Amino acid sequence: MNTEQKQILLDQRYLKMAAIWAQNSYCKRRQVGALLVKDKMIISDGYNGTPAGFENICEDENNTSKPYVLHAEANAITKVAKSSNSSEGATMYVTSSPCLECAKLIIQAGIKRVVFTDKYRLEAGIELLERAHIEVVQVDID
C-alpha cells in the first residue's frame, strides 16, 4: 500500500468517526460532525447545535434553523481555542463541505486541509478555501 492509499484510508476512518460524532447533534434537518486532527491526533471535535446553556432545539416551528445554531466546524474551532492546542497546520474532517462563514473560520484558524463527505448545496465555502490555498478533498466513505 502506497502513501496515497494510506492517506485515503486514514481520511475515510476519520470521516466515519466524524459521522458518528454527528449523531450527537439534536438538529433534525441535518446532523453534521467535525474532527480536527493534527499529527494523527484528534485535537478537537464538534457537531452542529445550539450554544452551551441553550435548549437543544435547532429548528423553529417552521423547521428553519434558528439563527444562533453553531455549525460543527465552528464548534470544533472554538473548542480548540479554549484548549492549549493549536489548529495551525491541522486537518478538518467534516461530514458536509463548509459554508462560507465556516470557511472564514477555517482559514483564520490556520487549518491547512479540509476533508469532507457530502457537498453542501452552496459551494462558496469550498471556493474560498481553495482561494486561500487550503487543500480541499471530497472522500466517499462507503
Side-chain angles (χ1 to χ4, degrees), residues 3-142:
T3 308
E4 190 179 327
Q5 290 169 319
K6 282 181 184 173
Q7 186 61 60
I8 291 168
L9 197 60
L10 203 56
D11 288 347
Q12 289 173 327
R13 288 179 178 153
Y14 282 126
L15 283 170
K16 285 176 185 174
M17 291 170 74
I20 290 168
W21 205 243
Q23 294 172 12
N24 287 316
S25 173
Y26 288 91
C27 297
K28 291 179 174 68
R29 288 179 57 218
R30 169 180 271 199
Q31 293 181 314
V32 180
L35 294 178
L36 262 176
V37 177
K38 187 173 176 179
D39 302 324
K40 294 186 180 169
M41 285 189 315
I42 297 168
I43 61 167
S44 190
D45 54 59
Y47 50 88
N48 57 327
T50 55
F54 282 63
E55 74 291 343
N56 288 320
I57 301 167
C58 299
E59 296 85 8
D60 63 20
E61 60 280 351
N62 300 318
N63 201 34
T64 303
S65 288
K66 293 179 179 177
Y68 52 83
V69 168
L70 288 156
H71 289 188
E73 302 94 320
N75 270 326
I77 290 168
T78 54
K79 195 172 183 179
V80 82
K82 286 168 63 174
S83 76
S84 59
N85 278 316
S86 166
S87 54
E88 188 73 39
T91 297
M92 169 145 318
Y93 291 93
V94 62
T95 56
S96 183
S97 62
C99 70
L100 186 61
E101 292 302 311
C102 287
K104 290 186 230 177
L105 294 175
I106 289 166
I107 293 165
Q108 290 301 95
I111 295 163
K112 292 296 171 215
R113 189 166 179 263
V114 176
V115 183
F116 68 92
T117 310
D118 299 320
K119 249 189 191 158
Y120 180 59
R121 60 184 168 81
L122 303 173
E123 294 190 25
I126 293 173
E127 292 164 7
L128 188 66
L129 292 171
E130 288 173 343
R131 186 173 163 198
H133 307 292
I134 292 171
E135 183 185 354
V136 181
V137 185
Q138 185 172 13
V139 174
D140 192 14
I141 57 172
D142 293 332

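Since the model is a prediction, treat every value here as computed from it, not as a measurement. The residues of the chain are indexed from 1 along the displayed sequence.
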Student: Stepwise, does the side chain to side chain contact (heavy atoms under 4.5 Å, CB included) test hold for Cys27 with Val69?
Tutor: CA-CA 9 Å; Cys27 297; Val69 168; 4.3 Å; yes
Student: May I ask you to decide if Asn62's main-chain N or O and Asp60's side chain share a donor-acceptor pair within less than 3.5 Å?
Tutor: yes
Student: Given side chains that start at C-beta, do those of Met92 and Glu73 come closer than 4.5 Å, heavy atoms only?
Tutor: yes
Student: What pair of heavy atoms forms the shortest contact from Tyr120 to Cys99, and how long is it?
Tutor: CE2-CB, 4.1 Å
Student: If only atom types and distance count, is the side chain of Glu135 paired as donor or acceptor with the main-chain N or O of Lys112 below 3.5 Å?
Tutor: no
Student: Looking at Val137, Ile126, Thr91, Leu129, which one forms a side chain to side chain contact (heavy atoms under 4.5 Å, CB included) with Val114?
Tutor: Leu129
Student: Using 30° and 60° as the class limits, which term best fits the ring planes of Trp21 and Tyr47: parallel, tilted or perpendicular?
Tutor: perpendicular
Student: Can you find a heavy atom in the side chain of His71 that is under 4.5 Å from one in the side chain of Leu105?
Tutor: no
Student: Using side-chain heavy atoms (C-beta onward) and a distance below 4.5 Å, is Asn24 in contact with Asp45?
Tutor: no
Student: Kindly indicate whether the side chain of Lys40, heavy atoms from C-beta on, has any atom under 4.5 Å from the side chain of Tyr14.
Tutor: yes
Student: Would one find more than 12 heavy atoms of other residues, nucleotides or ligands at under 6.0 Å from atom CD of Gln108?
Tutor: no
Student: For Ser44 and Ala76, indicate whether the former's side chain and the latter's backbone hold a donor-acceptor pair under 3.5 Å.
Tutor: yes
Student: Atom SG in Cys58, atom CZ in Arg29: separation rounded to 0.5 Å?
Tutor: 10.0 Å
Student: In Å, rounded to the nearest 0.5 Å, how long is the span from CD1 of Ile141 to OG1 of Thr117?
Tutor: 4.5 Å
Student: Would you find more than 12 non-hydrogen atoms of other residues, nucleotides or ligands less than 6.0 Å from Lys66 atom NZ?
Tutor: yes
Student: On a heavy-atom basis, which atom in Leu70 and which in Pro51 lie closest, and how many Å separate them?
Tutor: CD1-CA, 4.0 Å
Student: Can a donor-acceptor pair be found, under 3.5 Å and without considering hydrogens, that links the side chain of Lys79 to the backbone of Gly46?
Tutor: no
Student: Report the distance from atom CD1 of Ile107 to atom CD1 of Ile134, rounding to the nearest 0.5 Å.
Tutor: 5.0 Å
Student: For Ser25, which of Asn48, Asn75, Asn56 qualifies under side-chain hydrogen bond (donor to acceptor under 3.5 Å, both in side chains)?
Tutor: Asn48
Student: With a 4.5 Å cut-off on side-chain heavy atoms, are Val115 and Leu15 touching?
Tutor: yes
Student: Any chance you could measure Thr3, atom OG1, to Gln7, atom CD, to the nearest 0.5 Å?
Tutor: 9.0 Å
Student: State, with a plain yes or no, whether a side-chain heavy atom of Ser97 is found less than 4.5 Å away from one of Gln138.
Tutor: no
Student: How close do Leu36 and Ser87 get, counting heavy atoms only, and between which atoms?
Tutor: CD1-CB, 4.1 Å
Student: Between Thr95 (side chain) and Gly33 (backbone), is there a donor-acceptor pair under 3.5 Å?
Tutor: yes
Student: Quick check for you: to the nearest 0.5 Å, what is the distance between Leu10 atom CG and Tyr93 atom OH?
Tutor: 5.0 Å
Student: Which atom pair, heavy atoms only, marks the closest approach of Met17 to Leu35?
Tutor: CB-CD1, 3.6 Å
Student: List the atom of Ala103, the atom of Pro98, and the distance in Å for their closest heavy-atom pair.
Tutor: N-CB, 4.3 Å
Student: Less than 4.5 Å apart, side chain to side chain, heavy atoms only: is that true for Thr50 and Ile57?
Tutor: no
Student: Is it true that atom CD of Gln5 has more than 12 heavy atoms of other residues, nucleotides or ligands lying nearer than 6.0 Å?
Tutor: yes
Student: Salt bridge check: are Arg113 and Asp11 linked by an N-O gap of less than 4.0 Å?
Tutor: yes
Student: Hey, mind stepping through Ser86 and Lys38 against side chain to side chain contact (heavy atoms under 4.5 Å, CB included) and telling me if it holds?
Tutor: CA-CA 9 Å; Ser86 166; Lys38 187 173 176 179; 4.0 Å; yes
